[in-house]
Amino acid sequence: MLRAVFPGSFDPPTLGHLNIIERAGSLFEELIVVVAENRNKRALFSADERTAMMRELARPWSNVSVSRCDYLIVEFMQKTGCRILIRGVRGVDDFSYEFEVAMINKALRPPIETLFMPTDPQYFVLRSSSIKELASFQADVSGMVPPLVAKALSARYSGGP
Ligand code: ADP
């Protein structure tokens, strides 16, 4: 079975992430979206919250599942017997970073193949960090994230749960 993983922080999920999920999901029989709990990155939403949001968002695709991982993605892939790792790239800056990470993952586990998927041009400028900054100033981010994420951002920045 042709399976792939799409790992990320997804803090929070954006329309750019969903576009990659939709496109990668149409290429593979199964796509596992892996929500990474990165201890070195301070996240706005907890890993539980990000996973719950992603599960809700991935519901329309029957071949897409969502998992959580608080250890190396290459270990997750070894455990699940998956060799293909998808990463989205917005431009040259993303590419140089992603290329380096791909080299590291290859060194850690040679059977892993990283595939880069260029962003759809309409999502080129979408970045979780900028969206959080905009939302913190109560700017309208409804064109950048799905409605449930827009709601969660607005609740978070208005002192909500
Ligand atoms: P990480 O912290 O692992 O970089 P992110 O949540 O920022 O996780 O991103 C997860 C993946 O989605 C990365 O491969 C990133 O390059 C990709 N990505 C983020 N935003 C976009 C976008 N607008 N279009 C395409 N890919 C994107």
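Residue numbers start at 1 and run along the sequence shown. Counting starts at 1 for both ligands and their atoms, in listed order.
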- Under 4.0 Å between a Lys/Arg side-chain N and an Asp/Glu carboxylate O for Arg127 and Glu133? no
- Message: Strictly below 4.0 Å, N to O, side chains only: are Arg23 and Asp120 in salt-bridge contact?
- Response: no
- ligand 1: protein residues within heavy-atom distance under 4.0 Å: Phe6, Pro7, Gly8, Ser9, Phe10, Gly16, His17, Ile20, Lys41, Arg87, Gly88, Arg90, Asp94, Glu98, Thr119, Tyr123, Leu126
- Message: So for atom CZ, which belongs to Phe116, do other residues, nucleotides or ligands contribute more than 12 heavy atoms lying within a distance under 6.0 Å?
- Response: yes
- Message: Please evaluate residues Ser142 and Asp140 with respect to the criterion side chain to side chain donor-acceptor pair (under 3.5 Å), reporting the C-alpha separation (whole Å), side-chain torsions for both, the decisive distance (0.1 Å), and the verdict.
- Response: CA-CA 6 Å; Ser142 58; Asp140 179 14; 2.7 Å; yes
- Hey, is Arg68 close enough to Glu37 for a salt bridge, meaning N to O under 4.0 Å? yes
- Task: Show your working on side chain to side chain contact (heavy atoms under 4.5 Å, CB included) between Tyr97 and Val101 and close with a plain yes or no.
- Result: CA-CA 6 Å; Tyr97 168 73; Val101 176; 3.7 Å; yes
